[in-house]
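Heads up: the structure comes next, in structure tokens.
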Amino acid sequence: MQITEIRVDGYEKVVRCKDQASGLHALIAVHDTTLGPALGGMRMLPYANEEEALFDVLRLSRGMTYKSAVADTGLGGGKSVILGDPKIKSPALFETMGAFVDSLGGKYITAEDMNIGIADLEIVRRKTRWVTGLSLQAGGSGNPSPYTARGAFHGMRAVLEEAFGSPSFKGKRVLIQGVGAVGGRLAELLKEAGAHVIICDINETRVAELCKKHGFESVSDATHLDVPCDVYSPCARGATLNDASIPKLKCKAIAGVANNQLHEPRHGDVLRDKGILYAPDYVINAGGIINVSLEMIAGGYNEAKAVAKIDRIYDNLKQVFAIAREQKISTHVAADRLAEQRIAAGRKSKVAAR
Ligand code: NAD
């Protein structure tokens, strides 16, 4: 196993691992550990080359620093990528990846991400203890999706308060695109709170099942943007807020869990100009990472503590909206400012403690 460092301005540590025996070619980026060890998932993709993989790992690890800072997990941001075809996996590959993660001595903590499952992480775990998100039986915090849904629900209360002057869901029309693990649970929580829930998904069987069970209204995915609603909740995939979709929106606010909803950052400004309140994705979808971060506390994972912290996504969004209002900026920029404030405060208290 050969580990080499790649120097990148603005990043604490970026390392490459190449191992002939297992075929591993991977990168780990530790963006910032001011607030704690760098937590971030591991993904596996058939990148065209190392340059493409490096671009991805740098972008994603920086995003994790911001997400963790606003979520107040007491952790920093990192990420790892394995260059390779996810159809070709072996125990040796993940054992070597475990040793690679371990070589950073806890500065980087890994978790699931694209094309990496719990079974893979269990092999990684043989070589390093710096792994989160394992099953409850293995001492982990289990499936993050219900916690992400819970966090989004509490985040939506702040959205309603900001957009409508009251956090009440009674009679509010919420349109959800994507009713998978998170969107499906979120729909249930909203219905229980009195919202009128409209769902769409490319998986029509899933839509039919949920409508039958919970009495949701449904709309076809192709035409869902024509439906007037109070809150639009993208819970399927990224980049859905773009030049084509934004002019069609008939909502007062957007609050969903999909990652990277804005096709480009400027789309956050376009939404603001249209008078649509946008709950920045990485703030409202942080329930899962908050849950996982509780594995790192003394005494191990504690669901009651996790849930209390997840519910504070409401407060985090209130702060983001207040910054946006006071500084007359878009909410996605305000979220970054809040993260930067928290990191700066962390840096200051570290210096003072020396
Ligand atoms: P999932 O795969 O369980 O559900 C996604 C759903 O979206 C599926 O039902 C799928 O059929 C549907 N879908 C896919 N493409 C679609 C399209 N073009 N139009 C309409 N529906 C479409 O995923 P999930 O775990 O529920 O996550 C949903 C989103 O939230 C993803 O973007 C994910 O990255 C993000 N996210 C998830 C978590 C989590 O804890 N699971 C945490 C943070 C962010």
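One-based numbering, in listed order, for ligands and for the atoms of each.
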Short check: is a protein heavy atom less than 4.0 Å from atom 2 (O) of ligand 1? no
Look at the rings of H267 and H263 and say which category their plane angle falls in: under 30° parallel, 30 to 60° tilted, over 60° perpendicular. tilted
Restricting to non-hydrogen atoms, name the atom on G74 and the atom on P37 that form the minimum distance, rounded to 0.1 Å. O-CD, 4.3 Å
Shortest protein heavy-atom distance from atom 41 (N) of ligand 1, along with the residue and atom involved: S145 OG, 3.2 Å
If the contact criterion is a heavy-atom separation under 4.0 Å, does R206 count as touching ligand 1? no
Set out, in order, the CA-CA distance, both residues' side-chain angles and the distance that settles side-chain contact (heavy atoms from CB on, under 4.5 Å) for Y282 and M64, then state yes or no. CA-CA 9 Å; Y282 75 79; M64 289 307 297; over 6 Å; no
In chain order, what residues pass the side-chain hydrogen bond (donor to acceptor under 3.5 Å, both in side chains) check against H31, with sequence neighbours excluded? T65
Less than 6.0 angstrom separating the ring centers of H224 and Y232, yes or no? yes
Out of A286, G288, A236, whose heavy atom sits nearest atom 31 (C) of ligand 1? A236
Could you check atom 23 (O) of ligand 1 against the protein and tell me its nearest heavy-atom contact, residue, atom and distance included? A181 N, 4.5 Å
Closest by any non-hydrogen atom to atom 37 (C) of ligand 1: pick that one out of L186, I176, V182. V182
Atom 15 (N) of ligand 1: the protein heavy-atom neighbour that sits closest, reported with distance to 0.1 Å: I202 CD1, 3.5 Å
Side chain to side chain contact (heavy atoms under 4.5 Å, CB included) test vs S233 passes for just one of L186, L175, I254, namely L186
Considering only the protein, which heavy-atom contact is closest to atom 33 (C) of ligand 1, and what is its distance? N259 ND2, 3.9 Å
Among I199, D201, N203, N260, the residue with a heavy atom nearest to atom 8 (C) of ligand 1 is D201
For G178 and ligand 1, answer yes if some heavy atom of the residue is under 4.0 Å from a ligand atom, otherwise no. yes
Worked verdict on K79 versus D56 for salt bridge (Lys or Arg N to Asp or Glu O under 4.0 Å): CA-CA 9 Å; K79 203 82 186 181; D56 214 22; over 6 Å; no
Give the atom numbers and elements of ligand 1 that come within less than 4.0 Å of a heavy atom of V257. 30 (O), 35 (C), 36 (N), 44 (C)
Does an N or O anywhere in R237 fall below 3.5 Å from an N or O of ligand 1? yes
Measure D221 to ligand 1 on non-hydrogen atoms and call it side chain, backbone, both or neither using the 4.0 Å cut-off. side chain
The protein heavy atom nearest to atom 43 (C) of ligand 1 is N285 O, 3.7 Å
Evaluating non-hydrogen atoms only, which member of G287, C235, G151 is closest to atom 28 (C) of ligand 1? C235
Considering all heavy atoms, the nearest I290-A306 contact: CG2-O, 4.2 Å
Is V179 in polar range of ligand 1, meaning some N or O pair under 3.5 Å apart? no
At what distance, to the nearest 0.5 angstrom, does CZ of R312 lie from NE2 of H154? 12.0 Å
Any idea which protein heavy atom is nearest atom 40 (O) of ligand 1, and the distance to it? T148 OG1, 2.6 Å
With rounding to the nearest 0.5 Å, note down the distance linking CZ in R125 to CD1 in I118. 13.5 Å
Residue, atom name and distance, where the atom is the protein heavy atom closest to atom 4 (O) of ligand 1: G180 CA, 3.2 Å
With sequence neighbours excluded, residues passing ring-ring contact (aromatic ring centres under 6.0 Å, His included) with Y47: none
